[in-house]
There are 2 protein chains.
Amino acid sequence: MRSYGEYCSIAKALDVVGDRWTLLIIRELLIRGGCRYTDLKDGLPGIASNLLSDRIRELESAGLVRRENAPPPVATTLFHLTAAGAELLPVLAAIGRWGTRYMMDPADGDEFRGHWFAFPASFFLRDRDPDGPPLSIELRAADSPAVIEIAGGTTHTRLGTAVAPDVVLSGEPRTILALFAGALSAAQAADLGLRIDGDLSALERVLPARADAAADDLTSATRTTRA
Amino acid sequence: MRSYGEYCSIAKALDVVGDRWTLLIIRELLIRGGCRYTDLKDGLPGIASNLLSDRIRELESAGLVRRENAPPPVATTLFHLTAAGAELLPVLAAIGRWGTRYMMDPADGDEFRGHWFAFPASFFLRDRDPDGPPLSIELRAADSPAVIEIAGGTTHTRLGTAVAPDVVLSGEPRTILALFAGALSAAQAADLGLRIDGDLSALERVLPARADAAADDLTSATRTTRA
DNA sequence: CGGCATCCTCTTTGATACTG
DNA sequence: CAGTATCAAAGAGGATGCCG
């Protein structure tokens with residue numbers, strides 16, 4: 001990216017991460033940790049291969065991404081964030097929180113990946129019993145299932161399935177998100193086609209209060225959806 | 001901007017504000033409030049006039065910017081952020097904080113505007129006597145001077161001069177920033193050519209502790225500068 | 001002067017195909 | 001798996017002109 005040439009920390013930051021796709025590559029590496037090239041490509045549907053290759057090299061020379069020649073059984077290159085790259089977490093959190101307002105419209109042909117729930121889960125879910133037993137919630141909203149693991153008050157999301165999930169949610173990403181955001185109760189989400197299997201009380205343990213405060217994160221489109 | 005087509009709040013947000021210049025336009029409107037077209041152009045050195053025009057219209061139709069036909073004595077169009085636009089403040093704050101690491105290198109030909117100090121001032125300055133009298137610090141680091149006003153524990157930066165500033169800082173933006181960030185003491189900054197006029201104790205009232213914690217916001221380049 | 005619109009050139013992106 | 005190569009399309013940058 002051509003530099004803005006401004007002595008301003010915002011402009012300087014955008015000189016480094018303001019290019020198209022760049023922050024989404026950081027998102028992938030933040031959520032998933034070390035990734036193969038093809039993992040990144042799968043998590044960034046629509047990116048051209050040459051562009052991904054370019055961006056990775058730019059991020060490397062900016063010191064935000066590090067390349068590891070992983071030994072067997074991986075036996076291929078893994079891309080990691082450096083400390084400086086990982087420090088973009090608050091940036092992506094702020095952007096993702098702001099962008100939540102755009103998540104309640106139909107979203108017709110949009111691609112979806114289960115691990116993209118990591119940020120919304122960390123925004124919205126709060127363990128009301130942090131000293132209770134660890135909890136795992138399996139999400140089946142896409143080809144690749146994901147698991148939200150809550151233990152000791154912290155939330156972590158990964159791709160894959162859980163051995164013995166407390167709850168399994170199967171349905172549309174939109175419905176799951178509305179449930180997490182407090183815009184829908186579990187019963188309302190179920191009415192809209194979300195399948196909830198397992199321990200409903202475990203789910204209630206982490207869902208936010210259905211106060212207006214939670215609904216404030218969403219736009220009036222939410223209320224239309226709800227109506 | 002072409003949509004990423006991903007059902008992810010980060011991607012959706014970047015669909016709206018991910019274009020080149022867009023977040024810097026928001027920065028200008030956040031710091032300065034209602035702006036004329038030419039104010040924006042002056043605060044975004046290098047932007048092509050047609051691009052500014054395009055971006056403003058995109059931001060308008062996205063509902064982030066509102067146009068006001070200001071009556072005399074302004075007698076021209078003023079651009080304002082809407083509530084949704086102003087909610088990008090945490091996003092710009094996070095980006096600006098992360099970008100601080102790039103602010104300590106020479107920055108040879110970079111443009112500078114005094115009001116760009118608004119974010120750094122809010123990051124770094126803390127009033128240790130919030131019940132004390134209001135404080136104003138005038139900055140003369142560019143063509144257009146700026147004033148940081150601290151009252152009741154809150155910090156506000158605007159363009160212009162103060163009637164009776166408690167302190168006037170004249171010198172390089174870099175040196176002022178290093179002082180604010182706690183990477184330099186007032187004495188060290190003065191040694192490096194920063195002119196400090198007025199009440200030094202008023203300045204010390206808001207400067208951060210020179211702990212390593214403050215210096216952590218800067219890179220090793222800072223330490224090179226300091227040496 | 002303020003707020004654009006036009007024209008032109010150059011760079012970046014996207015889509016697809018191909019390679020070690 | 002991890003990229004290159006190629007080419008068309010879109011976007012950015014710069015100059016200039018227009019119109020109240």
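Every chain is numbered from 1 and lettered A, B, ... according to where its sequence line falls, protein lines coming before strand lines. A quick note: this is a predicted structure, and the numbers were derived from the prediction, not measured.
- The side-chain heavy atoms of A/Leu194 and A/Leu184, taken from C-beta on, include no pair separated by under 4.5 Å.
- Of the listed nucleotides (D/dG14, C/dC4, C/dA15), C/dA15 has the atom at the smallest distance from the side chain of A/Ala48.
- Among the protein residues, B/Ser53 comes within range of the sugar-phosphate backbone only, with heavy atoms under 4.0 Å from sugar or phosphate atoms but none that close to a base.
- Taking the ring centroids of B/Phe117 and B/Phe112, they lie under the 6.0 Å cut-off.
- Closest to the side chain of B/Arg55, from the set C/dG3, D/dA12, D/dG13, is D/dA12.
- A donor N or O paired with an acceptor N or O is found under 3.5 Å between the base of C/dC4 and the side-chain atoms of B/Ser49.
- Nearer the 5' end of DNA chain D, as judged by each residue's closest nucleotide, is the contact made by A/Phe79, out of A/Phe79 and A/Asn50.
- A straight line from CG of A/Leu40 to C1' of D/dC1 spans 12 Å, rounded to a whole angstrom.
- An OP1 or OP2 oxygen of D/dG13 is reached within less than 4.0 angstrom by a side-chain nitrogen or oxygen of B/Arg20.
- What separates CG of B/Asp19 from C1' of D/dG13 is a distance of 15 Å, to the nearest Å.
- Side-chain nitrogen and oxygen atoms of B/Thr76 include none within less than 4.0 Å of the OP1 or OP2 phosphate oxygen of C/dC1.
- Rounded to an integer number of Å, the gap from A/Arg57 CZ to D/dG3 P is 8 Å.
- Listed candidates were C/dC4, D/dA2, C/dG14. Nearest to the side chain of A/Thr77 is D/dA2.
- For A/Trp21 and C/dT12, the shortest distance from a side-chain N or O to OP1 or OP2 is not below 4.0 Å.
- Side-chain contact between B/Val91 and B/Val17 is absent, with no heavy-atom pair separated by less than 4.5 Å.
- Nucleic acid contact class of B/Thr38 (heavy atoms, under 4.0 Å, all strands): sugar-phosphate only.
- Below 30°, between 30° and 60°, or above 60°: for A/Tyr37 and A/Phe79 the angle between ring planes is between 30° and 60°, a tilted geometry.
- Residue A/Arg36 places none of its side-chain N or O atoms closer than 4.0 Å to OP1 or OP2 of D/dG3.
- The interatomic distance linking B/Asp39 (CG) with C/dC1 (P) rounds to 14 Å, in whole Å.
- Within the 4.0 Å cut-off from OP1 or OP2 of C/dT12, not a single side-chain nitrogen or oxygen of B/Arg2 is found.
- Atoms CG (A/Leu78) and C1' (D/dA2) sit 12 Å apart, rounded to a whole Å.
- Between A/Asp54 atom CG and C/dA15 atom P the separation is 15 Å, expressed in whole Å.
- Going from atom CG of A/Asp42 over to atom C1' of D/dA2 covers 15 Å, rounded to whole Å.
- At a cut-off of 3.5 Å, with distance as the only test, a side-chain donor of B/Ser53 or B/Arg57 sits close to an acceptor on the other residue.
- Per the geometry, CD belonging to A/Glu60 stands 13 Å off P belonging to D/dA2, to the nearest Å.
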